[in-house]
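Down below is the structure, laid out as structure tokens.
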2 protein chains.
Amino acid sequence: MMRADARRNRARVLDAAETVLARDGLAASMREIAEVAGVGVGTIYRQFPTKEALYQAIVEDRMRRLADRAGELATAEDPGAAFFEYFTTIVADSTMKKVLVDALAVAGIDAKAGSPDIKGAIETLLTRAQRAGAVRGDVGMEELLALLSAACLAAQHHHWDEGLRTRTLAVVFDGLRPARGEAAHV
Amino acid sequence: MMRADARRNRARVLDAAETVLARDGLAASMREIAEVAGVGVGTIYRQFPTKEALYQAIVEDRMRRLADRAGELATAEDPGAAFFEYFTTIVADSTMKKVLVDALAVAGIDAKAGSPDIKGAIETLLTRAQRAGAVRGDVGMEELLALLSAACLAAQHHHWDEGLRTRTLAVVFDGLRPARGEAAHV
DNA sequence: CTACAATCGGAATGCTTGTTCCGGATGGAC
DNA sequence: GTCCATCCGGAACAAGCATTCCGATTGTAG
């Protein structure tokens, strides 16, 4: 059983790391995280063997939340709206969360072990939206993830404000919609 | 007048820097650039007062080439094709050139001094394509640059191969085209 | 060819980073 | 209250970085 102070400090470290990493991404230093958390650097290393491990813990947590959100939307009445809303949410999120973006970029959303089945969850949203005729049938997961990742990266780097985000995603979404006349895939 | 060996070394440094920075981006170290160039680090500093200055020299050079290319395409017979070709070229380029992408991301394509009028050149391509009815009239420079930068960032980070690039840009381009029925802006 | 200023290489400097270590503090079982 | 395994803080260490400096070298004007 973990001692009470250890558990408390673990929470503080995770909190501080989330804050600092959101701002500085992978470039954040352990010293600063420790300072924000109000603990010594040694305390961090007691819980997380390495900087990467700390990052991974946070990224996995965020991934899990994103996967959960996708799960909720998987049963929405309007699959098209659900799909586009999810896309927008992730991009809006990443404007503020540099870790997530760095993680998407470095480790890759691509199938990294540990991360829950976010890919599967997104695929469900895509398939349902396609069946409902809200998204072209000929876009695959690869292109979708490429577009999603691209939007997240740019939103982060250039600090897209809401207006720019809306207008830019509008173009992408138009490209994702079926050409008029394309039949819904039953 | 510059001594002959100094001029030769300057060229070597620029070459090496282009190579190394293309691979490692801003994370590349001066030592490695010096090694690849076959000179001492001191030699680099004789020509470029700082690491940033060296980067800037290379980025400006690339920007100039991109602006030139845009200039050529500005008088193409098919403004729509010219526009989409230019977009594709830049993205394909950035898959290989990490500096460019870092520069776009960090310094920002956005109006940084020194960089020639690449923004103006792109705007010309856009306007002509819109007049020709190949691009929606309601997309502005801001969204266009956002999309361009997004594609470059993602292409670099995930090493888009040609197939993925083609399919992903196809979606974006579809979003940029006018909805059927939208009139060309004379 | 000579002489000297321009240039060179790379060791040295000073800083930042991730990680380790350990003397001292402390939670909690008895 | 006692006691010890656990945990804490932060100094210390090693590695890497950009940048500076200087004795040795070399282009070139005269």
Side-chain angles (χ1 to χ4, degrees), chain A residues 1-60 98-103 105-107 112 114, chain B residues 1-60 98-99 101-103 105-107 114:
Chain A
M1 182 56 179
M2 208 181 238
R3 249 170 61 171
D5 53 347
R7 200 166 35 250
R8 176 165 36 85
N9 280 331
R10 181 176 223 273
R12 280 189 191 172
V13 167
L14 279 172
D15 256 23
E18 174 117 26
T19 303
V20 175
L21 292 181
R23 175 159 40 85
D24 301 335
L26 291 170
S29 79
M30 294 300 257
R31 277 203 234 299
E32 183 167 1
I33 295 175
E35 199 171 329
V36 171
V39 303
V41 280
T43 304
I44 300 183
Y45 280 94
R46 180 162 308 279
Q47 305 280 348
F48 304 94
T50 195
K51 196 187 179 187
E52 257 71 37
L54 174 57
Y55 289 171
Q56 199 155 329
I58 290 178
V59 168
E60 271 174 27
K98 198 164 189 308
V99 231
L100 223 200
V101 177
D102 278 352
V106 175
K112 210 59 181 190
Chain B
M1 182 57 178
M2 208 183 239
R3 248 171 60 171
D5 54 345
R7 201 166 34 251
R8 176 164 35 86
N9 280 331
R10 181 175 224 274
R12 281 189 190 171
V13 166
L14 279 173
D15 256 23
E18 174 117 25
T19 302
V20 175
L21 292 181
R23 175 159 38 87
D24 302 335
L26 290 171
S29 80
M30 292 301 256
R31 274 205 237 302
E32 183 167 1
I33 295 175
E35 200 171 330
V36 171
V39 303
V41 281
T43 303
I44 300 184
Y45 281 94
R46 179 162 309 277
Q47 305 280 348
F48 304 95
T50 194
K51 196 186 177 187
E52 257 71 38
L54 174 57
Y55 289 171
Q56 200 155 330
I58 289 177
V59 168
E60 271 174 28
K98 198 166 191 306
V99 232
V101 177
D102 278 352
V106 174

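In what follows, chains carry the letters A, B, and so on, assigned in the order in which the sequence lines appear, proteins first and then strands, with residues in each chain numbered from 1.
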- Any donor-acceptor N/O pair, B/Ser29 side chain to B/Glu32 backbone, under 3.5 Å: yes
- Message: Rounded to whole Å, please give me the gap between CE in A/Met30 and P in D/dA15.
- Response: 19 Å
- Report the distance from atom OG1 of A/Thr19 to atom CD1 of A/Ile58, rounding to the nearest 0.5 Å. 8.5 Å
- Task: Give the rounded distance in Å between these two atoms: CD1 of B/Ile33 and P of D/dG16.
- Result: 17 Å
Interface polar pairs with nucleotides 10-13 of chain D, N/O, under 3.5 angstrom:
{"residue": "D/dG10", "atom": "O6", "partner": "A/Gly42", "partner atom": "N", "Å": "3.1"}

- Note on the structure: Minimal heavy-atom distance between B/Ala34 and B/Gly40, with the atoms involved, is CB-C, 4.0 Å
- Query: Once you round it to whole Å, what is the distance between P of D/dA18 and CZ of B/Phe48?
  - Reply: 15 Å
- Message: Whole angstroms only, please: what is the NZ-P distance between A/Lys51 and D/dA15?
- Response: 18 Å
- With a non-hydrogen cut-off below 4.0 angstrom, is B/Ala28 in contact with a base, only sugar-phosphate, or nothing? sugar-phosphate
- Message: Just the rounded figure in Å: distance from P of D/dC7 to CE of A/Met1.
- Response: 11 Å
- From the 5' end of DNA chain C to its 3' end, which nucleotides mark the outer limits of contact with chain A, defined by a 4.0 Å heavy-atom distance cut-off (strictly under)? C/dT17 to C/dG28
- Query: So do A/Val13 and A/Leu54 actually touch side chain to side chain, heavy atoms under 4.5 Å?
  - Reply: yes
- Note on the structure: Smallest heavy-atom separation, B/Leu14 atom then B/Phe48 atom, equals CD2-CZ, 3.8 Å
- Message: Minimum heavy-atom separation for A/Ala28 and A/Leu21, please, with both atom names.
- Response: CB-CD2, 3.7 Å
- Query: Who are the side chain to side chain donor-acceptor pair (under 3.5 Å) partners of A/Arg31, not counting sequence neighbours?
  - Reply: none
- Task: Working to the nearest 0.5 Å, report the span between CG of B/Leu26 and OH of B/Tyr55.
- Result: 5.5 Å
- Message: Expressed as a whole number of angstroms, how long is the span from A/Arg12:CZ to D/dG9:C1'?
- Response: 13 Å
- Message: Side-chain N or O of A/Asn9 versus OP1/OP2 of D/dC8: is the shortest distance under 4.0 Å?
- Response: yes
- Hey, could you give me each pair passing salt bridge (Lys or Arg N to Asp or Glu O under 4.0 Å) that has a residue in residues 44-55 of chain B? Not counting sequence neighbours. none
- Query: What string of B, S and - do you get for nucleotides 22-28 of chain D 5' to 3' if you count protein non-hydrogen atoms under 4.0 Å?
  - Reply: ----BSS
- Query: Expressed in angstrom and rounded to an integer, what is the separation of A/Gln47 atom CD from D/dG9 atom C1'?
  - Reply: 14 Å
- Which residue pairs pass the side-chain hydrogen bond (donor to acceptor under 3.5 Å, both in side chains) test with at least one member in residues 6-16 of chain A, sequence neighbours excluded? A/Arg10-A/Gln47
